[in-house]
A.B. asks: 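Okay, handing you the structure first.
No experiment lies behind these values; they were computed from the predicted model shown. In this chain, numbering begins with 1 at the start of the sequence shown. Note that these values count all heavy atoms, side chains included, but never hydrogens, waters or copies made by symmetry. When a ligand or atom number is given, it counts from 1 through the structure's own listing order.
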Amino acid sequence: MQHRSPGHKSSALPIEAATALRGRFGEDFQTEAAVCQTHAQTLTWLPPEAPYGVVFAYRKEDIRDAIRICSRYAVPIIAFGAGTSLEGQVNAPHGGISLDLSRMDKLVELAVDDMYVVVEPGMTREALDASLQTSGLFFPVDPGAAATLGGMASTRASGTNAVRYGTMRENTLALEVVLANGEIIRTGTRARKSSSGYDLTRLFVGAEGTLGIITGLTLRLYPIPEAIAGGRCTFDTIARAADTVLQALKKRIDLARIELLDSLCVRACNRHAKLAMEEAPTLFVEFHGDMLHVERQAEKFRRIVVSGGGRAFDWATDQEERSKLWAARRNAWWAIHEMFPGRKGVTTDVCVPISRLSDCVDQARVDISRLGLDAPIVGHVGDGNFHVLIMLDVENSAEIAKAEELISRLNQMAIEMGGTCTGEHGVGQGKMAYAAIEHGGAIATMQAIKHALDPNNILNPGKMLAPAKANRLFGQGRSP
Ligand SMILES: Cc1cc2nc3c(=O)[nH]c(=O)nc-3n(C[C@H](O)[C@H](O)[C@H](O)COP(=O)(O)OP(=O)(O)OC[C@H]3O[C@@H](n4cnc5c(N)ncnc54)[C@H](O)[C@@H]3O)c2cc1C
C-alpha cells in the first residue's frame, strides 16, 4: 500500500498553514527555534529533527482544529507528551508541527468503587500517583521516566510491575481519540470486559500517534496491597539469574516485580546511591498481597534461589529498605550515564519468550565482551524483557560500528527466538527495520489500516511503518 508522503522536508511551513495556525492559536502557536528544538528527540542516538512550529493544546477542540488545519495543507502533525520516548518517536523527519499535550494534564473522574480513572493525555504518571494518594488505589504501569499517560498509551509502555499487573495494553479500558479528519471518537467503555465490536482501544494503544491523537484515557486502578515484601539475591552468572526467573514463574510464584541487573549496572547503582550491594548479577524482587501471602511467596522464592545456585535471598517488608532498593533500580539509567562521563547511552530493548530469556541474555553478554563494549544489562525479566544500555564515545567510529553490530545481532536473535524487537520502547524511527522483519507480511495489513485512518499520511509520518532506512548510530557506522 503506497501512501501519499508529505515528501522531503521543505524549508518551512506553507505560509497559509502558518497563518491559519497563528489565527486560531495566537501565542499558543510558537515557531522560535529554541521551542522547536525542545520538541525534537533529545534522549536518543537518533539525530534530533525539529518541527517547524509547536501548538500547545489545552482542550480536545484545540487538537481537532490543529488536525483540521494540518490536514487542509498536508502538514505533518506529531503528538508530544513528555518527549521521553527512546526510538525517535517525536522527531519531525518531514517537518510539520509538534502538538504539545503536556498542558492537558487534568484528572477528569475518579471512580473508586469501579476502580477506574479518566485522565487527560498530558497528565504524568507521577501526577496521577499523587492524585490517588488518599483513594486506597494505585495505577501500576511505571516506566522509569516522567512520561505522560497519553505518551505511555501510545508507546504501549510498561515497567517493573508488568509481570503482575500488565502493560498499558491491559490497563487502558477506553480512549477518546481525534482522527486525521478531525472527527472525535470514543473507543471502549468503563466495563472491565466487552465482546462488542473491533477492539479499537488496543489499535490506538501502541500506535505512536500514527492513527489518531488521544485526548482522554480511562485507566484501570488496583487496591494498594495490604503488605509488600521485597528483597534481592545475587548469582555467579547472568544466565543463572535468568533461569531462576523461569523456575519462579513455572512454580507460579506470585511475583509483582522481578528485575535483573548485571554486575556493571549494580556497580553504577552503588556509586550513584552510595550503596554497598554485592557487584554480581542480581535479581530485585517484590511480592504483593496480605502478610501471610507475601511471606509464603518470599519463602518459596528463597528455596528456588538456593536450588538454582543463587546466594542468600534476604527479604523484608520494611518500607524504608524497599524504597532505597527500588529507588536505586529506578535511577539505574542515570546512574550508568554518571559512571561513564562524556559518553552517550544507546538503549536497545528486546523481549523473548520466557524459556529463551537465559539464552538470549547470556548471548548478549558474550557479544558485549567479544566486542569490548561498556554495555550494562537491565531488564523487566518476569516478562522476558531486557535492555542493553551501550555507553559510547560518539567520536569513535569503530566503537559505533561495534554497537551497531551488537544491536543488530540482539534484535535479530530476539526475533529468531520467537520474540520481539521491542518489549516496551516502541518502534519510532529506530526499530523500523527490525519491525519489518518481525511482522513480515502483516506489515501490509498495518499499512492498510494506516491508509484507511490517515489517507494523507499527516499523523507522525516517517515512523513505525515507513520504508526502513538503514539505522546509523549518530549518522555513522554501518547499516544493520
Ligand atoms: C530513563 C528512562 C527510562 C525509561 N523506562 C521505561 C520503562 O521502564 N518502560 C517503558 O515502557 N518505557 C520506558 N522509557 C521510555 C519512555 O518513558 C516511554 O516510551 C513513554 O511511554 C513515553 O511517554 P512520553 O509522554 O514521554 O511520550 P512522548 O515521547 O512525548 O511520545 C511518544 C510517542 O507517543 C506519541 N504520543 C504522545 N502523546 C500522544 C497522544 N496523546 N496521542 C497520540 N500519540 C501520542 C508521540 O507522537 C510519540 O510517537 C524510559 C525512558 C527513559 C528516558
A.B. asks: Taking distance alone, with no angle check, do Ile214 and ligand 1 share an N/O pair under 3.5 Å?
C.D. replies: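 Yes, since at least one N or O of Ile214 sits under 3.5 Å from an N or O of ligand 1.
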A.B. asks: Quick check: do Ile213 and Leu101 have side-chain heavy atoms less than 4.5 Å from each other?
C.D. replies: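 Yes; the side chains approach each other to less than 4.5 Å.
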A.B. asks: Measuring from atom OH of Tyr116 to atom CG of Leu137, what distance do you get when rounded to the nearest 0.5 angstrom?
C.D. replies: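 Atom-to-atom, Tyr116:OH and Leu137:CG are 12.5 Å apart.
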A.B. asks: Have a look at ligand 1 and work out which part of Lys463, if any, has a heavy atom under 4.0 Å from it: side chain, backbone, both or neither.
C.D. replies: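 For Lys463, there is no contact with ligand 1 at all, from either part.
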A.B. asks: Is the shortest side-chain heavy-atom distance between Asp374 and Ile390 below 4.5 Å?
C.D. replies: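 No - every pair of side-chain heavy atoms lies 4.5 Å or more apart.
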A.B. asks: For Arg156, state whether at least one heavy atom is located under 4.0 Å from any atom of ligand 1.
C.D. replies: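 No; Arg156 lies far enough from ligand 1 that no heavy-atom distance drops under 4.0 Å.
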A.B. asks: Does an N or O from Ala79, backbone or side chain, lie closer than 3.5 Å to an N or O of ligand 1?
C.D. replies: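 For ligand 1, there is an N or O atom that lies under 3.5 Å from one belonging to Ala79.
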A.B. asks: Can you name the atoms of ligand 1, numbered from 1 with element, that are less than 4.0 Å from a heavy atom of Gly212?
C.D. replies: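 Those atoms are 43 (C).
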A.B. asks: For ligand 1, is there an atom lying under 4.0 Å from some heavy atom of Ala146?
C.D. replies: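 False for this residue.
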A.B. asks: Tell me, which protein residue and heavy-atom name are nearest atom 29 (O) of ligand 1, and how many Å apart are they?
C.D. replies: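 Minimum-distance protein heavy atom for atom 29 (O) of ligand 1 reads Ser85 OG, 2.6 Å.
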A.B. asks: Is there any N or O on Ala147 that sits under 3.5 Å from an N or O of ligand 1?
C.D. replies: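 Such a contact does not occur with ligand 1.
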A.B. asks: Does Phe80 reach ligand 1 with a nitrogen or oxygen that is under 3.5 Å from one of the ligand's nitrogen or oxygen atoms?
C.D. replies: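 No, no N or O pair falls under 3.5 Å.
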A.B. asks: Residues in side-chain contact (heavy atoms from CB on, under 4.5 Å) with Gln319, at least two apart?
C.D. replies: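 Residues passing side-chain contact (heavy atoms from CB on, under 4.5 Å) with Gln319: Arg322, Ser323.
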A.B. asks: Atom 7 (C) of ligand 1: which protein heavy atom is closest, and how many Å away?
C.D. replies: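 Checked against all protein heavy atoms, atom 7 (C) of ligand 1 sits closest to Glu424 OE2, 3.2 Å.
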A.B. asks: Does any pair with a residue in residues 118-129 pass salt bridge (Lys or Arg N to Asp or Glu O under 4.0 Å), and if so which ones, sequence neighbours excluded?
C.D. replies: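 Qualifying pairs, neighbours excluded: Arg125-Asp129, Glu126-Arg330.
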A.B. asks: May I ask you to identify the nearest protein heavy atom to atom 19 (O) of ligand 1, giving residue, atom name and distance to one decimal place in Å?
C.D. replies: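 Residue, atom and distance for the closest contact: Thr155 OG1, 3.5 Å.
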A.B. asks: Can you find a heavy atom in the side chain of Glu424 that is under 4.5 Å from one in the side chain of Asp383?
C.D. replies: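 No, their side chains stay 4.5 Å or more apart.
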A.B. asks: Could you see which bit of Pro121 sits under 4.0 Å from ligand 1, with heavy atoms only: side chain, backbone, both or neither?
C.D. replies: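 For Pro121, only side-chain atoms sit under 4.0 Å from ligand 1.
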A.B. asks: Does Arg257 pair with Asp142 as a salt bridge, N-O distance under 4.0 Å?
C.D. replies: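 Looking at Arg257 and Asp142, the cut-off is met.
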A.B. asks: When Lys431 is tested against each of Thr348, Thr422, Asp349 for side chain to side chain donor-acceptor pair (under 3.5 Å), which residue passes?
C.D. replies: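 Testing Lys431 for a side chain to side chain donor-acceptor pair (under 3.5 Å) against Thr348, Thr422, Asp349 leaves exactly one candidate, Thr348.
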A.B. asks: Hey, which atoms in ligand 1 end up nearer than 4.0 Å to a heavy atom of Gly209?
C.D. replies: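 Going through ligand 1 atom by atom, the ones under 4.0 Å from Gly209 are 43 (C), 44 (N).
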A.B. asks: Check each heavy atom of Val177 against ligand 1 and say whether those closer than 4.0 Å belong to the side chain, the backbone, both or neither.
C.D. replies: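 The answer is neither; Val177 stays 4.0 Å or more away.
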A.B. asks: If you measure from each non-hydrogen atom of Thr215 to ligand 1, which part falls under 4.0 Å: side chain, backbone, both or neither?
C.D. replies: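 Contact part for Thr215 vs ligand 1: neither.
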A.B. asks: Hey, which atoms in ligand 1 end up nearer than 4.0 Å to a heavy atom of Trp333?
C.D. replies: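 This gives 1 (C) as the contact atoms.
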A.B. asks: Near Ile213, which atoms of ligand 1 are under 4.0 Å from a heavy atom of that residue?
C.D. replies: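 Taking each heavy atom of Ile213 in turn, ligand 1 has 42 (N), 43 (C) under 4.0 Å.
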A.B. asks: I need the atoms of ligand 1 closer than 4.0 Å to a non-hydrogen atom of Ala157, numbered in the order shown.
C.D. replies: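 The atoms of ligand 1 under 4.0 Å from a heavy atom of Ala157 are 11 (O), 21 (O).
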A.B. asks: Please list, in number order, the atoms of ligand 1 under 4.0 Å from a heavy atom of Val90.
C.D. replies: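 Near Val90, the atoms of ligand 1 are 28 (P), 29 (O), 30 (O), 31 (O), 48 (C).
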A.B. asks: Can you tell whether the side chains of Arg64 and Glu61 come within less than 4.0 Å, N to carboxylate O?
C.D. replies: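 Salt bridge flag = no for Glu61 with Arg64.
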A.B. asks: Need the ligand 1 atom indices (1-based, order shown) with element for anything under 4.0 Å from a heavy-atom of His425.
C.D. replies: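 Those atoms are 12 (N), 13 (C).
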A.B. asks: Can you report which non-hydrogen protein atom sits closest to atom 11 (O) of ligand 1, along with the distance?
C.D. replies: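 Here the closest protein heavy atom is Ser158 N, 3.0 Å.
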A.B. asks: For atom 5 (N) of ligand 1, what's the nearest protein heavy atom and its distance?
C.D. replies: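 Residue, atom and distance for the closest contact: Gly144 N, 3.1 Å.
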A.B. asks: Can you tell me which residue and heavy atom of the protein come closest to atom 28 (P) of ligand 1, and the distance to 0.1 Å?
C.D. replies: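 Looking at atom 28 (P) of ligand 1, the protein heavy atom closest to it is Gly83 N, 3.5 Å.
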A.B. asks: Ala145 to ligand 1: N or O pair under 3.5 Å?
C.D. replies: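 Looking only at distances, the answer is no, because the N/O contact criterion of under 3.5 Å is not met.
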A.B. asks: Evaluate Asp142 for polar contact with ligand 1, using N/O atom pairs at a separation under 3.5 Å.
C.D. replies: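 In fact, backbone or side chain, Asp142 has no N or O that close.
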A.B. asks: Flag Gly81 as yes when one of its N or O atoms lies below 3.5 Å from any N or O atom of ligand 1, and as no otherwise.
C.D. replies: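 There is such a contact, yes.
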A.B. asks: For Gly426 and ligand 1, answer yes if some heavy atom of the residue is under 4.0 Å from a ligand atom, otherwise no.
C.D. replies: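 Heavy atoms of Gly426 never come under 4.0 Å of ligand 1.
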A.B. asks: Below 4.5 Å, heavy atoms only, C-beta onward: do Leu173 and Thr201 meet side chain to side chain?
C.D. replies: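 They are not in side-chain contact.
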A.B. asks: Can you pull out the closest protein heavy atom to atom 17 (O) of ligand 1? Residue, atom name and distance to 0.1 Å, please.
C.D. replies: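 Ranked first by proximity to atom 17 (O) of ligand 1 is Thr84 OG1, 2.8 Å.
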A.B. asks: Check each atom of ligand 1 against the heavy atoms of His380 and keep those under 4.0 Å away; list them by number with element.
C.D. replies: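 Contacts of ligand 1 toward His380, numbered from 1: 8 (O).
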A.B. asks: Taking Glu399 first and then Arg343, would you say they form a salt bridge - that is, a charged N and a carboxylate O separated by under 4.0 Å?
C.D. replies: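 Between Arg343 and Glu399 there is a salt bridge, with a charged N closer than 4.0 Å to a carboxylate O.
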A.B. asks: Looking at Arg186, Lys60, Glu176, which hits side chain to side chain donor-acceptor pair (under 3.5 Å) with Thr215?
C.D. replies: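 With Thr215 as partner, Arg186, Lys60, Glu176 yield a single side chain to side chain donor-acceptor pair (under 3.5 Å), made by Glu176.
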A.B. asks: Atom 25 (O) of ligand 1: which of Asp349, Thr148, Thr422 has the nearest heavy atom?
C.D. replies: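 Comparing heavy atoms across Asp349, Thr148, Thr422, the nearest one to atom 25 (O) of ligand 1 lies in Thr148.
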A.B. asks: Kindly determine whether Trp326 and Thr160 satisfy side-chain hydrogen bond (donor to acceptor under 3.5 Å, both in side chains), including the steps that lead there.
C.D. replies: CA-CA 10 Å; Trp326 287 102; Thr160 60; over 6 Å; no
A.B. asks: Should the ring pair His39 and Phe80 be called parallel, tilted or perpendicular, given that the plane angle runs from 0 to 90° and is split at 30 and 60?
C.D. replies: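 It falls in the tilted class, 30° to 60°.
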A.B. asks: Yes or no on side-chain hydrogen bond (donor to acceptor under 3.5 Å, both in side chains) for Tyr222 and His288, after CA distance, side-chain angles and deciding distance?
C.D. replies: CA-CA 12 Å; Tyr222 296 80; His288 294 176; over 6 Å; no
A.B. asks: If you measure every N/O of Trp334 against every N/O of ligand 1, is any gap under 3.5 Å?
C.D. replies: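 There is no such contact.
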A.B. asks: In the structure I gave you, are the side-chain heavy atoms of Arg24 and Phe29 within less than 4.5 Å of one another anywhere?
C.D. replies: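 Contact flag for Arg24/Phe29 side chains = no.
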A.B. asks: Could you tell me if the side chain of Tyr434 sits less than 4.5 Å from the side chain of His439, heavy atoms only?
C.D. replies: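 His439 does not reach Tyr434 side chain to side chain.
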A.B. asks: Using a 4.0 Å heavy-atom cut-off, say whether Leu86 meets ligand 1 through its side chain, its backbone, both or neither.
C.D. replies: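 Contact part for Leu86 vs ligand 1: side chain (C-beta onward).
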A.B. asks: May I ask you to check if Arg103 and Phe56 form a cation-pi contact, with NZ or CZ under 6.0 angstrom from the six-membered ring centre and within 45° of the axis?
C.D. replies: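 Verdict for Phe56: a cation-pi partner in Arg103.
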A.B. asks: Of all the non-hydrogen atoms in the protein, which one sits nearest to atom 34 (O) of ligand 1, and at what distance?
C.D. replies: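 Sorting protein heavy atoms by distance from atom 34 (O) of ligand 1 puts Ser154 CB, 3.2 Å first.
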A.B. asks: Could you check whether any side-chain heavy atom of Lys463 comes within less than 4.5 Å of a side-chain heavy atom of Pro93, counting everything from C-beta outward?
C.D. replies: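 Of all side-chain heavy-atom pairs linking Pro93 with Lys463, at least one is under 4.5 Å.
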